[in-house]
Amino acid sequence: MSAVEEHANEPIVPLRRPGRWAAAAVLAVLAAMAVSFVVTTPALRLDLVAGYLLERSIMRGLLLTIELTVLAMLVGVVLGTALAIMRLSDNPLLRWVAAAYVWLFRGTPILVQLLFWFFLGAVMPRISLGVPFGPEFFSVPVNVLITPFTAAILGLGLNEAAYMAEIVRAGIGSVDRGQREAAEALGMRPALVYRRVVLPQAARMIVPPTANETISMLKLTSLVLVIGLPDLLTSAQLIYGRNFQQIPLLIVASIWYLVLTTLLTFAQSKLERRLGRSDVHVGGHA
Amino acid sequence: MTELLLARGVRKSFGKVEVLKGIDLTVHPGQVVCLLGPSGSGKSTFLRCVNHLERLDAGEIWVDGHLVGYRRAGGKKYEMRPREVADQRRDIGMVFQRFNLFPHLTALENVMEAPRHVLGRPREAVRQEALDLLRRVGLEERAGHYPAQLSGGQQQRVAIARALAMKPKLMLFDEPTSALDPELVGEVLDVMKDLAGAGMTMIVVTHEIGFAREVADHVVFMDDGLVVEAGPAAELIASPRHRRTQAFLAKVL
């Protein structure tokens with residue numbers, strides 16, 4: 001007993017971690033090599049990168065990429081949420097329709113879907129509203145409705161909805177059953193239960209994978225090349241098709257993708273912090 | 001009719017298991033009724049039937065003159081649409097074993113939620129009433145706290161205030177203290193005693209025999225989906241007639 005008291009006051013030495021220093025040294029060497037490669041390789045043509053970064057067609061391509069991403073994600077989130085709620089409803093027909101939708105749109109290549117919407121006019125010259133096999137009330141030529149831009153939004157958005165449906169469904173599934181019962185016991189109607197209680201809590205689970213999907217969509221939009229839309233990457237390709245400066249222009253496009261991804265990541269962490277504010281525990285209350 | 005709740009022949013099965021085998025119960029306005037019995041006896045299921053969180057297989061439950069969850073027409077009972085059931089539940093408050101506060105809302109917002117969004121009442125009036133209710137359960141200074149920042153007992157008191165915010169005619173308590181640490185049980189029971197003293201009609205599923213003896217007017221002992229015996233609280237707890245009641249009370253007292 002007295003022996004323990006003697007060394008109770010001896011100082012404690014934290015574990016030494018020599019591996020960390022070794023790893024840092026290796027990384028420093030690799031970083032120096034990368035910098036030296038970029039600076040001493042004239043073929044990279046950093047001067048061209050700077051020159052093309054704000055070039056007009058690159059800017060137009062950037063704008064189109066942003067537009068397509070925003071609109072396609074909007075379609076994806078709204079339709080995906082509706083599909084998720086259908087998938088979880090009591091109505092077996094709605095459940096089946098939602099499952100079939102996810103099966104079809106997840107199961108076929110997005111490239112095929114883009115081309116399908118683009119060539120819709122070939123199989124279906126007019127879109128009309130009326131009784132099947134009966135009178136028509138309203139009819140427009142498909143080629144008027146489906147421009148390359150709307151085909152792109154349809155292709156990207158409807159495909160995204162299938163993935164978002166699964167994300168939202170998982171999010172809703174993560175909300176404790178008791179939450180819905182408590183809301184019902186207060187006299188909330190089903191739509192209000194979803195809007196005020198289930199979806200706000202599901203949102204916390206839904207945001208990180210949705211941010212992931214948005215960032216992925218940013219780059220997926222470059223597929224619209226196949227229906228002739230000049231997005232960011234396509235614009236860069238069009239320029240190097242003329243001047244054969246592939247690497248500098250690919251760097252230009254990559255810089256913009258990185259900028260947009262950085263902004264989205266920043267927005268994501270802000271949103272997550274906002275949704276997580278009810279997590280604070282005793283001591284530091286909001 | 002003078003009774004606030006009238007249940008007749010309530011039956012309920014989950015799959016092949018019959019949980020309720022024909023329950024009759026009458027509750028008059030201002031009465032506090034405790035449902036006692038071993039776990040699995042169907043007490044909680046019956047309570048959940050009262051506000052139609054569970055559908056009935058047979059029988060009927062009337063609350064304040066309205067048939068809960070069904071509409072009678074031509075000798076049949078037709079199940080109501082979810083939104084109609086929702087509207088019926090406004091007059092029935094419920095408190096759950098696991099509190100089920102909305103974790104993304106503060107204590108005050110939890111209490112304001114239903115009057116604001118179910119009844120659509122103006123914000124300021126609702127806020128004042130909610131603060132009054134929080135004061136009544138002794139938590140006015142915790143109004144801005146989120147559920148995660150409150151103890152179990154505090155959460156359950158907020159949950160009681162949340163149910164009272166709809167000015168219910170009947171309050172259902174589903175084992176309100178079973179999930180609490182022993183030292184927090186008292187504060188919740190005190191709030192319930194106050195409520196009973198103020199004349200609230202209450203049905204309480206509980207294992208707190210002391211509470212039943214002290215506060216309840218009427219005690220119902222259930223076992224295996226049936227009412228074994230019912231009567232005035234003091235009398236039934238002091239001198240149970242039925243063997244199963246005696247055995248249960250001997251174990252919990």
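Worth saying up front: this structure is predicted, and the values here are computed from it rather than measured. Protein chains get the first letters and strands the later ones, always in sequence-line order, with residue 1 at the start of each.
- The contact between Arg83(B) and chain A is made by backbone and side chain atoms together, counting heavy-atom distances below 4.5 Å.
- Of the listed residues (Arg195(A), Gln201(A), Arg204(A)), the one with the most heavy-atom contacts under 4.5 Å to chain B is Gln201(A).
- Other residues, nucleotides and ligands contribute more than 12 heavy atoms inside 6.0 Å of the CZ atom of Arg95(A).
- A donor-acceptor pair under 3.5 Å is formed between the side chain of His104(B) and the backbone N or O of Arg196(A).
- No more than 12 heavy atoms of other residues, nucleotides or ligands sit less than 6.0 Å from atom CZ of Arg81(B).
- Other residues, nucleotides and ligands contribute more than 12 heavy atoms inside 6.0 Å of the CE atom of Met80(B).
- Between Gly187(A) and Val118(B), the closest heavy-atom pair is O-CG1, 3.5 Å.
- More than 12 non-hydrogen atoms from other residues, nucleotides or ligands lie less than 6.0 angstrom from NZ of Lys77(B).
- Taking Val85(B), Asn100(B), Leu105(B) one by one and counting their heavy-atom pairs under 4.5 Å with chain A, the maximum is reached by Asn100(B).
- Proximity to chain A involves both the backbone and the side chain of Arg162(B), based on heavy atoms less than 4.5 angstrom apart.
- Proximity to chain B is absent for every atom of Ala191(A), based on heavy atoms less than 4.5 angstrom apart.
- Residue Glu84(B) holds its CD atom at 8.5 Å from CZ of Arg189(A), rounded to the nearest 0.5 Å.
- If you measure heavy-atom distances from Phe102(B) to chain A, the contacts under 4.5 Å come from both the backbone and the side chain.
- For Ile92(B), the part sitting under 4.5 Å from any heavy atom of chain A is the backbone (N, CA, C, O) and nothing else.
- Counted within 6.0 Å of CD1 on Ile12(A), heavy atoms from surrounding residues, nucleotides or ligands total 12 or fewer; the atom is thus considered open.
- Glu113(B) CD to Leu192(A) CG: the interatomic distance, rounded to the nearest 0.5 Å, is 7.0 Å.
- Nearest heavy-atom pair across Ala185(A) and Phe96(B) is CB-CZ, 4.0 Å.
- You'll find the side chain of Glu181(A) stays beyond 4.5 Å of the side chain of Met94(B), heavy atoms only.
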Intermediate values then yes/no, side-chain contact (heavy atoms from CB on, under 4.5 Å), Leu186(A) and Arg89(B): CA-CA 7 Å; Leu186(A) 286 168; Arg89(B) 290 187 183 120; over 6 Å; no

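- Side chain of Gln179(A) to main chain of Leu101(B): a donor-acceptor pair is present (N/O by atom type, distance under 3.5 Å, no hydrogens or angles).
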